[in-house]
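Below you'll find the structure, written out as structure tokens, and then a few comments.
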Amino acid sequence: MAGKSKGGKSKAKAQAESQGASVEPEAPVADVVQEAKPENGQVTEAAPAADVEKEEGDAAVAAQAAEKPAEGELHLYPVTVKTQSGEKLELQLSPGDSVIDVKQFLLDAPETCFYTCYDLILHTKDGLAHPLEDYNEISEIADITTGGCTLEMVAATYDERSIRSHLRRVRELLSLSSLHVSLSTSLALQQESAQAKNADAGKTAGQELDGLNFMEDNTVALTSLLASPPAEIKCVDSIIFSSFNPPPSYRRLHGDLIYIDVVTLEGNKCCITGSSKSFYVNASNGSILDSRPLKQSHEASTLVGLLQNISAKFKKGFREILDRKASAHPFENVQALLPVTSWLGAYPVQEHKRDAARAEDSVVLSYGTELIGMQRDWNEELQSCREFPHGNPQERILRGRALYKVTCDFVDAAVKGAVGVINRCIPPINPTDPECFHMYVHNNIFFSFAVDSDHEHISKDQKPDCQNGPGRSTPVPSPDLGAKADRDHAAVDSKTKEPNSVLEASAEAQIADSEQATYASANNDLKGTKSYQEADIPGLYNLAMAIIDYRGHRVVAQSIIPGILQGDKSDSLLYGSVDNGKKISWNEAFHAKVVEAAKRLHVKEHSVLDGSGNPVKLAATVECKGIVGSDDRHYILDLMRVTPRDSNYIGLQHRFCVLRPELVASFVEVESTKKSPVQKVPDIPAELNGPESKDQHDSASDATAPSVDRDDKPDESPAPTPAESNDSNDEILFNPNVFTEYKLAGSPEEIAADEALVKKVGSYLLDTVIPKFVQDLCSLDVSPMDGQTLTDVLHSNGINVRYLGKVAGMIKHLPHLWDLFSAEIIVRSAKHVVKEILRQSPDHNIAPAVAHFLNCFAGKVLAASTKGSAGSTQSKTQKKSSSSASSRKGQSVHSHLTSDGVWSDIKEFARHKYQFEVPDDARVGAKKIAVLRNLCQKVGVTIAARKYELNSAAPFQASDILNLQPIVKHSVPTCTDARKLMEAGKIRMAEGTLNEAYALFSEAFSLLQQINGPMHKDAANCCRYLAMVLYHAGDIAGAIVQQHRELIINERCLGLDHPDTAHSYGNMALFYHGLNQTELALRHMSRTLLLLSLASGPDHPDVAATLINVAMMYQDASNMSTALRYLQAALTKNERILGPDHVQTAVCYHALAIAFSSMGNYKLSVQHETKTHGILVKQLGSDDSRTKDSENWLKTFKEREKQVNAQKQKDPLLQAHPGLYQAVQAAAIKYGDGSANVKKSLNAAVAGEAVPRGRGVDERGAKATAEVRKKAAARGLNLRNGPAANRASELNHILNLINSAASASAASPTANTQRTESEGPQSNGPALNGAKEAKDTNRLSAKVDGQTPVGLGASLELKKQKSKQKA
């Protein structure tokens, strides 16, 4: 029951939007929402037949899956609701809705949002009245499908709890802080009002974007990222608990529950009595309570109703607030269950004003517990939800919703509790034990520090402080405690013995290793828990789990197994070992369940020897534990090695180096394909598939790649693939205990075969997966933009982050990748240095310590004295002892840090963990906003959004550090049904059957809304695909509605400056451009550029791609000089970061050729297209379709140039004034029919392909898109090359002609609009098309749209000046 209320909100939203989304801000779009269903007829070309056949089986299965949920899906019936005030409103309800769902709908409706305490009575058409209980489903009470049913809200009596929640609800309603208005919404509303005033849209757009030179200094962008919070609308001066509380006993007998002091905006002070049946103004005056009603008329069943009676200004203000909330997009009012934290805070810092209501809320330090009533039993709630039936779609929706809600609530409570534990506000349950082994129980959640049991094996003299404050020595814990900790599932401990040889290593290396082991084991345990959750074996249970990193500590939070904390439960261990394999428990019933899970997870059933030499058959690792709780459920814990060991990292110091589940799934898929070629291939994750999928990948441009990688892949590949494929691949099973210290039973041949298989996966990773990944990076098929997207794309390819250094060594030749990888390694190493500083810093020193560290990292901090510089070489243990002494003397722990010391620690850690030598120039590279952003996000630091002088010695002050937030990892379940529907939808989209694709994506979105609510990244993906389908079907307005939803969800769930959010703005811009709203498009593009400048910095291919898209928009707006400036900047950027011979450089040359041809200058067109053709021949060969298209363009341009020259010779006037000729030529082109085609194809290339391709890295969708959008290819051809020396003077000459002659200037803008594509198709047939070329083309545009470019340089202006001098 724990989570049914969630679905109400989402269904209500789904209804509201399917009925017309009248609240959409975009004027041109508001009415179309999803109604416009695409027609298949609009898609003329389908994907190649081979591909279609290959995928047909999967698609059919998925399509059936899609139809099934539809059976239990929303059939809605109108029901009239009569409110307490007598008003009537109509709700659309489903028979499966619970009463809680209905109350949630009413809580969202403006007419009833302030009613919190009422009963619902259902009146049926036969005149019967049925009172409704909260957990009833409507279908259990009456059949609403027959019609004629009405609901009546009847005031219920308040109690102390409900009257306080009513007051809290009123305060929520009077605040706009819960409204998150997206910049895109604001821009659309501004555009509407500007159009109403007949503003000159074209000019302002040009000036606006032109002024954005983020390239020169992107520190300015920090101040532009955060929007100012909405201006509060004041309805009442104050509402606070009165100091008359609590009511005296004689008034309680009359029903008084609470007294509230209110000051209205008119200045009237009144004391309100909240009684069990109503609110009224009492006659109290001064300091004596007079409980008599002041006036009989001043009484109402709700506080809002009473305030409306006594204050006209309240009534007016409250109406304004409701109107403001109603004018926002519905998604902007929805609260995210797992909100994202921001690394930037408002600057200047807002004044902190008195707020009695806020103070009241903070009086009690609850750390997540319920103040009134029973604490929640998280384990019972979670396991009960898992036991819900899930045989049909409706049951799966209810189960999924309940699980998601309970898990999100658990994570929220766990984070609050962990903060309390780390702030030492919650006492431990074992206070006599060493501090680092303390365990805590709070709010029915078990908390423990991630501490390695191997701490005890590090030499006792040099023992570190167990991560708990300066210089606390820790006695060696007793073995009993270790066993108890295990049984209490406290420790994520490593349970392995360190040999003496390890003790000889330096203390610093040991401690670094040990800390890494605790962190890795906690991470692995969480991954293992997720894998078993997704396997979903009936009768086998997992704990809810979250990992919280805060102030340098890592705390593991878990739900509590019933009975585990009471008494001796040694008999509760049924399976596995708590003492490193000396004694291994075994139980047949438990083993049968574990074997079932093992099949889905590719784990082999095998035998190991216990301490006495007896063989025991296991289907899991030795250290996992199977426990029976007092509720008789079978729990499996300590799942640190669900996947096999990484054979490339053997040795005790690497004991937690295991392979990723995505790699195992990919390997199994590839191996089974080799054995039976008939089996279907499409399920293999594209990235892992090996070289064969490269071609389709090409089309999935980089721009989008990162986002899809981020959104779709990481969660999909791990469990679903193994689980689905277990029938055909069950022969490929891994023994998780090979290459460990445990002794294996079985024949030597069997053990050797198990080891060989694990080694084979390790070599598959090194020899196939990593080289293929590097190849994708170099060809821009995968294009991560920041640390987060890089991590996600590594994980989705099955590559562990520890291979960062290896991959970095293979991409040194591409500067943008080298910068990205080296920055990620530096930031990850720096994170460990910061964590140590935070662990040792007392509460009053945190902000100064963080600011000092950032100054050491990005500035130049010298030693305070000559001795200080030696600090860097001290071992960490020595530092700790010295720091404890210094803290006793009152000095700050961090004061000994210097830049040299910090960087030497970073280099040592990078060498030790990533086998990466940090280059000497890395300190200069660290002075970038993108690096600072990455570090703040990883540590949880929030800094002020102001301009920083990163080149100064100390850019940061303690006052710049605004917050330190916990970083959370959790195991919130995902909706597999929706993901299958989305995969099927992508296949349908690839085949060109847009109607079916639209139905599948809509179905998936509906499912996600009911289970997770709209604020979820999977829902954002659905909206993106729906936008794509509508765009391809020609309904651009409908596409904008869906894209706007995706943008809002990304801003809320991923962050304002996440690369996916940048993609969303870029796609919005392209769609607006398709509707000829160029000013709005350019404003969105400017936001894209700003976001990209923060995430990746200016030097990234996606930035160059965005610049090309901006140039195309200016070209369409007849602003050729600006368009050429952007194209030139994109060309310069691509040549610098990718090289003069990269295909992407050729794209830039091709775009310039088109631009010049549209100005009538065919000579320059020929020059640029020649370079395009040269690069394509070199890179792709002369037989490639893209090369042939380029050849056709070249012929066209040459023919046009001949015609121009012939015309000149005939007409002496034109010969004397070439500028005049160009103007005439441009005008002629303008009135041809080419411009529309050109523009259309540009948009197709840019928007159409970009979206699916880049973001989803879905080769099939990309390929289909490419096919469908052949005409677009011409505009988008991916070409790119270096700066041409001659071009400068000719370009300048053209610009001078344009600017000098009035006639020319008038003609050239029109000329550029049509862009010579009209000519291309005439001579070429498939103007620069072909699926492959479309890929490139689109990649270019896709990138552009997906990622934000950063400003333009003045390269063109300089050339202009030079050419003038030459002249």
Side-chain angles (χ1 to χ4, degrees), residues 5 9 84 103-104 106-118 158-181 229-246 257-275 278-281 298 300-311 313-326 328 332-336 339 350-366 368 370-372 412 416:
S5 60
K9 218 181 254 185
Q84 286 174 243
K103 288 192 171 182
Q104 186 65 53
L106 294 169
L107 208 55
D108 290 336
E111 301 89 344
T112 53
C113 60
F114 47 86
Y115 294 112
T116 62
C117 187
Y118 57 88
Y158 291 101
D159 54 36
E160 282 207 43
R161 181 170 186 159
S162 61
I163 205 161
R164 285 169 190 249
S165 61
H166 181 80
L167 183 58
R168 196 177 307 119
R169 173 64 179 166
V170 171
R171 284 174 176 163
E172 273 173 23
L173 287 172
L174 299 184
S175 166
L176 289 174
S177 59
S178 61
L179 184 63
H180 304 268
V181 179
E232 289 288 343
I233 298 172
K234 234 175 160 28
C235 303
V236 66
D237 199 50
S238 69
I239 299 181
I240 59 172
F241 277 98
S242 171
S243 49
F244 286 131
N245 284 307
L257 297 172
I258 197 171
Y259 301 122
I260 305 163
D261 286 337
V262 172
V263 181
T264 65
L265 290 181
E266 289 88 350
N268 301 326
K269 295 181 181 178
C270 49
C271 181
I272 293 175
T273 297
S275 72
S278 66
F279 291 85
Y280 61 87
V281 180
H298 289 176
S301 63
T302 64
L303 184 56
V304 168
L306 176 63
L307 291 172
Q308 285 179 329
N309 288 341
I310 63 176
S311 168
K313 288 186 176 176
F314 177 89
K315 193 169 186 177
K316 178 172 178 280
F318 188 62
R319 173 49 52 200
E320 283 178 23
I321 286 179
L322 292 182
D323 289 346
R324 169 83 65 87
K325 289 184 175 178
E332 291 171 345
N333 279 306
V334 179
Q335 297 307 300
Q350 292 178 337
E351 296 164 331
H352 194 64
K353 297 179 181 173
R354 288 179 183 274
D355 184 342
R358 184 186 62 229
E360 284 161 11
D361 288 341
S362 69
V363 167
V364 182
L365 279 174
S366 67
E370 292 279 345
L371 294 178
I372 304 176
D412 186 52
K416 290 173 180 168

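Predicted model only: the values in this text are computed from it and were never measured.
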Closest heavy-atom pair and its distance - Gln84, Cys117: OE1-O, 4.2 Å

Side chain to side chain, Thr112 and Leu107, heavy atoms closer than 4.5 Å: no

Note, Val263 side chain near Asn268 side chain (heavy atom, < 4.5 Å): no

Gap separating the OG1 atom of Thr264 from the CG atom of Leu307, nearest 0.5 angstrom: 9.0 Å

Side-chain (Ser311) to main-chain (Gln308) donor-acceptor, under 3.5 angstrom: no

Side-chain heavy-atom pair Ile258, Phe241 within 4.5 angstrom cut-off: yes

side-chain contact (heavy atoms from CB on, under 4.5 Å) between Ser242 and Ile260, intermediate numbers included: CA-CA 5 Å; Ser242 171; Ile260 305 163; 5.8 Å; no

Check: Leu176 main-chain N/O paired with Arg324 side-chain donor or acceptor under 3.5 Å: no

Side-chain heavy atoms of Cys113 within contact of Leu173, under 4.5 Å: yes

Over-ring placement of Lys103 relative to Tyr115, 6.0 Å and 45° cut-offs: no

Validation row: Val262, Leu306 side chains within 4.5 angstrom (heavy atoms): no

Check against side-chain contact (heavy atoms from CB on, under 4.5 Å), Arg171 and Leu174: CA-CA 5 Å; Arg171 284 174 176 163; Leu174 299 184; 5.9 Å; no

From Arg319 atom CZ to Lys315 atom NZ, the distance as rounded to the nearest 0.5 Å: 9.5 Å

Any residue meeting ring-ring contact (aromatic ring centres under 6.0 Å, His included) with Phe314, in chain and number order, not counting sequence neighbours: Phe318

Residue pair Lys313 / Cys235, side-chain heavy-atom distance below 4.5 Å: no

Between Ser177 and Ser175, a side-chain donor and acceptor under 3.5 Å: yes

Between His166 and Arg161: side-chain donor-acceptor atoms closer than 3.5 Å: no

Pairs touching residues 231-241 that satisfy salt bridge (charged side-chain N to carboxylate O under 4.0 Å, His left out), sequence neighbours left out: none

Any donor-acceptor N/O pair, Asp261 side chain to Cys271 backbone, under 3.5 Å: no

Those residues that, when tested against Leu257, pass side-chain contact (heavy atoms from CB on, under 4.5 Å) (two or more places apart): Tyr158, Glu160, Ile163, Ser276

His352 and Arg358, any side-chain heavy atoms less than 4.5 Å apart: yes

Heavy-atom check, side chain of Phe114 versus side chain of Val170, under 4.5 Å: no

Side-chain donor or acceptor of Asn309 paired with backbone N/O of Ala300 under 3.5 Å: no

OG on Ser165 to CD on Glu172, rounded to 0.5 Å: 10.0 Å

